[in-house]
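Take a look at the structure set out below.
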Amino acid sequence: LPDSPNVTVIGLGRMGQAATGRLLDAGLAPTVWNRTPGRAGPLTDRGAVEAASLQSAAEHADVVLTFLSGDAAVADVLLPKGAPRDGLRGVVIDCSTVSPATSGALAAAYDSRFVACPIAGAPAQMRDGHAMLLVAGGPGARERAEPVLAALSDTRIDAGPDVSHAALSKVLNNYLLLGGLAILADAVRTAQAAGLPDDYLRQFLGQSPVVPPGLANRLEHLIAHEHEPWFTVDLGAKDLGLYTELAISTASGSDVAAAVVERYAAAQEAKLGDQDISAVVEVAAPTEARTTKGRS
Ligand SMILES: NC(=O)c1ccc[n+]([C@@H]2O[C@H](COP(=O)([O-])OP(=O)(O)OC[C@H]3O[C@@H](n4cnc5c(N)ncnc54)[C@H](OP(=O)(O)O)[C@@H]3O)[C@@H](O)[C@H]2O)c1
């Protein structure tokens with residue numbers, strides 16, 4: 001790679017915007033492209049260059065980073081007609097949350113030029129350079145990707161050469177997030193219904209050792225019932241689908257997951273899909289006392 005590689009960011013949603021901001025902070029002037037035009041404005045004001053087409057964005061890059069909603073979007077962009085995109089000769093780093101199968105297909109198509117890099121962290125952490133990158137790929141690709149990954153974050157976890165391990169780790173990470181949040185949401189609803197004051201809840205749950213930082217950062221959303229999105233219910237439901245596929249394919253047991261899936265599906269049915277995942281606090285069904293009848 002040249003000392004100052006041409007970096008292209010594809011997908012300017014919440015994560016792609018944050019990552020581009022980070023690259024600009026690091027002194028790179030990335031090229032950007034988004035399917036829906038009009039999202040690059042604040043970034044081009046700071047020095048990013050908006051490509052006229054996906055093809056030109058891909059062709060001129062030494063390194064392409066993708067931040068796309070999921071498997072189908074990644075396939076559209078990186079595997080049109082099931083094959084690598086024509087003219088894309090640089091290193092491909094996919095930062096989207098996708099299935100291990102899609103990551104594997106990308107590794108097969110781009111071979112020693114592919115790095116899987118799903119991200120455990122919010123857009124704010126991405127902007128600040130502290131999001132956890134789960135990095136996997138062959139040594140050649142990893143070495144070429146490293147300067148750009150180092151510019152993105154100081155927290156990089158080595159998931160090894162098998163790209164499916166990074167994808168798997170991310171699916172597990174988000175199951176823990178979404179399941180934990182559903183339980184915390186229940187606890188907040190119950191606490192409020194039982195009359196615990198909000199300020200006391202902020203103090204108690206905010207400092208409780210059983211509410212980890214990755215959930216505590218949504219405590220205010222839950223208590224205030226305010227769900228300005230930084231990770232949407234729709235994307236969370238997509239990730240729970242990936243976890244369910246994994247639990248079924250490994251026969252590892254998915255009954256708890258089924259309850260979690262149901263809760264986020266209920267949020268989608270309540271038209272909260274574009275709200276933050278904290279909106280699960282709005283949709284719990286009333287609890288029915290569990291009967292012990294018939295048990296010996
Ligand atoms: N937000 C978070 O906290 C977070 C954290 C870690 C990982 N992630 C993962 O990171 C990825 C991006 O998340 P995000 O929050 O940035 O999502 P987002 O704000 O919903 O953005 C999704 C992006 O995907 C693009 N897209 C969707 N379908 C496409 C297609 N068929 N072809 C081309 N582009 C397409 C969208 O383009 P348009 O603007 O045209 O719709 C948009 O740029 C997801 O895989 C998500 O699971 C998110």
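Counting starts at 1 for both ligands and their atoms, following the listed order. The model shown is predicted, which means the values in this text are computed figures rather than measured ones.
In terms of protein heavy-atom proximity, atom 44 (C) of ligand 1 is closest to L68 O, 3.2 Å. With hydrogens left out, the protein atom closest to atom 5 (C) of ligand 1 is G121 O, 3.0 Å, a heavy atom. Counting protein heavy atoms only, atom 21 (O) of ligand 1 is closest to G13 CA, 3.3 Å.
Every N/O-N/O distance between S96 and ligand 1 stays at or above 3.5 Å. Residue contacts with ligand 1: R35 is placed with a nitrogen or oxygen under 3.5 Å of a nitrogen or oxygen of the ligand (distance criterion only). Polar contact with ligand 1: absent for L235 (N/O pair, distance under 3.5 Å). The shortest N or O to N or O distance between M15 and ligand 1 is under 3.5 Å.
The residues D186 and R263 are annotated as salt-bridged, a charged nitrogen and a carboxylate oxygen being separated by less than 4.0 angstrom. Between R156 and E146 there is a salt bridge, since a side-chain N of the basic residue sits under 4.0 Å from a carboxylate O of the acidic one. Using a 4.0 Å cut-off between a side-chain N of Lys or Arg and a carboxylate O of Asp or Glu, R142 and D158 qualify as a salt bridge.
Side chains of R14 and P229 form a contact here, defined as non-hydrogen atoms less than 4.5 Å apart.
When each of D198, L205, I183 is paired with V188, the side-chain contact (heavy atoms from CB on, under 4.5 Å) condition holds for L205 and for no other. Looking at T102, T97, V98 one by one, the single match for side-chain contact (heavy atoms from CB on, under 4.5 Å) with L242 turns out to be T97.
Geometrically, R39 does not engage W33 in a cation-pi contact defined by less than 6.0 Å to the ring centre and at most 45° from the axis.
The shortest separation from a heavy atom of A18 to ligand 1 is not under 4.0 Å, leaving the residue out of contact. Taking a 4.0 Å cut-off on heavy atoms, M126 fails to register as neighbouring ligand 1.
Under 4.0 Å from ligand 1, the heavy atoms of L12 that appear belong solely to its backbone. Contact annotation: for N34 versus ligand 1, heavy atoms closer than 4.0 Å belong to the side chain alone. At a heavy-atom distance under 4.0 Å, only side-chain atoms of D76, from C-beta outward, approach ligand 1. Only the side chain of K238 comes within contact range of ligand 1, with a heavy atom under 4.0 Å; no backbone atom does.
Residues passing the side-chain hydrogen bond (donor to acceptor under 3.5 Å, both in side chains) test with E220 are R202, sequence neighbours excluded. In this view, D76 satisfies the salt bridge (Lys or Arg N to Asp or Glu O under 4.0 Å) rule with no residue, not counting sequence neighbours.
Taking every heavy atom of R39 and a limit of under 4.0 angstrom, the matching atoms of ligand 1 come to 39 (O).
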